[in-house]
Amino acid sequence: MPETLHAASPGKPRVRFAPSPTGFLHVGSARTFIFNWLYARRNHGTMILRLDDTDVERNTDASVNSIFDGLKWLGLNWDEEYKQSERGDLHRKMAETIFQKGLAYRDFTPAHTSDSERSGAQGTWLFNLGMRELSRAESDRRAAAGEPFALRFRVPRDGGVVHFTDAVYGEQTKAAADIEDFALLRSDGMPTYHLASCADDADLRISHIIRGQDHLSNTYKHILIFEAAGFTPPQFAHLPLLVAPDGTKLSKRRHGPVVSVTTYRDAGFLPEAFINFLCLLGWSPKNDREQMTRQELIDAFSLEGINRANAVVNFKESAEPSNVVIPTPSEEGEKGRNLLSAPEDTFDPKALWLNAEHIRGLTIDDLTRRLLPIVQEKYPRVTSEKMLRITPLIRERIKLLRDVLTAADFFFVDQLPPYDPAELIPQKGDAAVAAKVLQRAKEVLANVEFKHDPLDQALRAAAQELGIKAGQMFQPIRVAVCGRKNAPPLFETLEVLGKESTLARIDRAMKKLS
RNA sequence: GGCGCUAUCGUCUAGGGGUUAGGACGGAAGAUUCUCAAUCUUCAAACCCGGGUUCGAUUCCCGGUAGCGCUACCA
């Protein structure tokens, strides 16, 4: 009777996210983490983070940090953590078990032998000539003599099939004849991904492997390994891939910073909005709900809601990909921010909309707390009290947190940046009207309390006196005070700005006009 | 090349043998408003192709096509 993976806690799933730390945290990886996490939380299971760092050549500490940073920003947690590189003994033990059962063999063929030199070169490569049939005695002798070898799985050649049921893709069957004798151990004794992954999944009693669909065909190999080592394979659930608008798999090289999670953080996405967005790619709650909180996602999540077709992340492809600055993990910590004043329209419109929705759902206090660091980085003198008054004026006008810098800039500066005086001229008016409005506004505002209602009354009355429409009255003032035509509502703006600044800016505008 | 997976508006998706094929984003038009935004209303927009099965297929089956994935001593 094979050991069962569910022995320790029947019914409670144990899932894992197992990234290889070879680059920054990718949006696809983040989504895989999230789906695992959702599944664990939904079913009161255990979320495990395992660094699959068996590729010593390509692993970097910077990458590990990038992954941790990204997950931390997203507010995602896990219950257990492992490093594959520290578990080599376990992996080798499993290899040994399989070898002793005769289900694996030593392959003394030098690494990087070209396909044409391999057996079955006219079709698919399955195994290296001669090695599979080497006698045990001969194999032992050559190994003892110090000849390097890779350990390969002896895939059955008796016409059988490998089968499993995927929670997303259903019944999966493949003829063993189509599976090559894949490596378990490299010639330097290091385990391959397939071996290490299965050994750890078995040892950690993983109950559900939820991972990218790019592993669907690898799963047959994994089933073979689990069974050879005497374990019941876990449940599998493969996720459709995230692809670029051109249909290709997201890649840092081709698509640049839009595939890095930190790009979204630095651009001013809310972590909960970003998670929400990712969840909607390849999964549906099937009730037309889109905007959901973390808890709502947990409550709604199920493997049945996952679909099978790849999902496009609909970002705008950069016109000149060669100019795209790709943040390397080492840069991201400190300098990552300035590479990324990524223009708003590079992001998926749905992500932007969801972010705006989540922003609107925040309380003024909460939103202020998130806005303040961004503002203070550029305008250190802005206080929390002041920001608290500004936030309500821009909450419905920003899609990204960073938009605060352009939406509310005029609140933060002493002196307005230069603007075209022609902007001061209202609809159906001329410079004379503008001058008249500003002059009158100056007089009126000098003697009015800077509160919404008094301002409203005073300015409307002034418009009437001048015989112009309210809009014609407000526009020159708005431009004088904000430096542009599109801005938050006027009276609220003046109230926050205060009498002194307002009058000073109107003065300056009048000088510009003449 | 071999093997596997997939295919509903531009995008994310719901649906499923008989429907006006639903929702959302984005787009367009309008309402509202001191501008912008938000909000509301309306409009345009899809079942890859060909064979079956069936009284009837977008839905089920087969084939094609296309896309993607795997095919490493990468993960």
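A, B, ... follow the sequence lines: proteins, then strands. Residue 1 opens every chain.
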With rounding to whole Å, what would you report as the distance between B:rU19 and B:rA57 at their P atoms? 12 Å
Looking at B:rC40, which nucleotide sits across from it as a Watson-Crick or G-U wobble partner, both distances under 3.5 angstrom, or is there none? B:rG30
Taking only N and O in the side chain of A:Arg460, is any of them less than 4.0 Å away from OP1 or OP2 of B:rC34? yes
Have a look at A:Pro489 and say if it touches a base, only the backbone sugar-phosphate, or nothing, with a 4.0 Å heavy-atom cut-off. base
Expressed as a whole number of angstroms, how long is the span from A:Ile477:CD1 to B:rC36:P? 17 Å
When all nucleic acid strands are considered with a 4.0 Å heavy-atom cut-off, which category describes A:Ala309: base, sugar-phosphate, or nothing? sugar-phosphate
Where the side chain of A:Asp214 is defined as all heavy atoms beyond and including C-beta, which of B:rC70, B:rC12, B:rC34 is the nearest nucleotide? B:rC70
Given B:rC5, is OP1 or OP2 found less than 4.0 Å from the side-chain N or O atoms of A:Gln172? yes
With P as the reference atom in both, quote the distance from B:rU65 to B:rA72 in angstrom, rounded to an integer. 25 Å
Counting any heavy atom closer than 4.0 Å, what does A:Pro19 reach on the DNA or RNA strands: base, sugar-phosphate only, or nothing? nothing
Identify whether any heavy atom of A:Leu281 sits under 4.0 Å from a base atom; if not, whether one sits that close to sugar-phosphate; answer base, sugar-phosphate or nothing. sugar-phosphate
Would you kindly say whether A:His255 and A:Thr248 are connected by a side-chain donor-acceptor distance under 3.5 Å? yes
Check this one for me: any side-chain N or O of A:Asn307 less than 4.0 Å away from OP1 or OP2 of B:rA14? yes
Let me see the working for A:Arg211 and A:Thr219 under side-chain hydrogen bond (donor to acceptor under 3.5 Å, both in side chains), right down to the final yes or no. CA-CA 11 Å; A:Arg211 60 180 9 170; A:Thr219 305; 3.1 Å; yes
Mind checking if A:His194 touches a base, just sugar-phosphate, or nothing, with heavy atoms under 4.0 Å? base
Given 3.5 Å as the limit, does a donor-acceptor pair link the side chain of A:Glu357 with the main chain of A:Leu354, or not? no
Watson-Crick or G-U wobble partner for B:rU11, using a 3.5 Å limit on both distances? B:rA24
If only side-chain N and O atoms of A:Lys286 are considered, is one of them under 4.0 Å from the OP1 or OP2 phosphate oxygen of B:rA14? yes
Rounding to a whole Å, what distance do you find between A:Arg289:CZ and B:rG22:P? 22 Å
Where the side chain of A:Gln213 is defined as all heavy atoms beyond and including C-beta, which of B:rA75, B:rG69, B:rG23 is the nearest nucleotide? B:rG69
A:Arg478 side chain, from C-beta outward: closest of B:rC73, B:rU6, B:rC34: B:rC34
Base, sugar-phosphate, or nothing for A:Asn314, non-hydrogen atoms under 4.0 angstrom? sugar-phosphate
Need one value for A:Ser187: base, sugar-phosphate or nothing, where a base atom within 4.0 Å counts as base even if backbone is also close, heavy atoms only. base
Ring centres under 6.0 Å, that's the criterion: do A:His452 and A:Phe491 meet it? yes
Interatomic distance, A:Asn287 CG vs B:rA24 C1' [rounded to whole Å]: 12 Å
What do you reckon, are the aromatic ring centroids of A:Phe315 and A:Phe347 less than 6.0 Å apart? no
Give me the distance, rounded to whole Å, that separates B:rG18 from B:rG23 when you measure between the C1' atoms they each carry. 23 Å
Heavy-atom nearest nucleotide on RNA chain B for A:Leu185 versus A:Glu492: which residue maps closer to 5'? A:Glu492
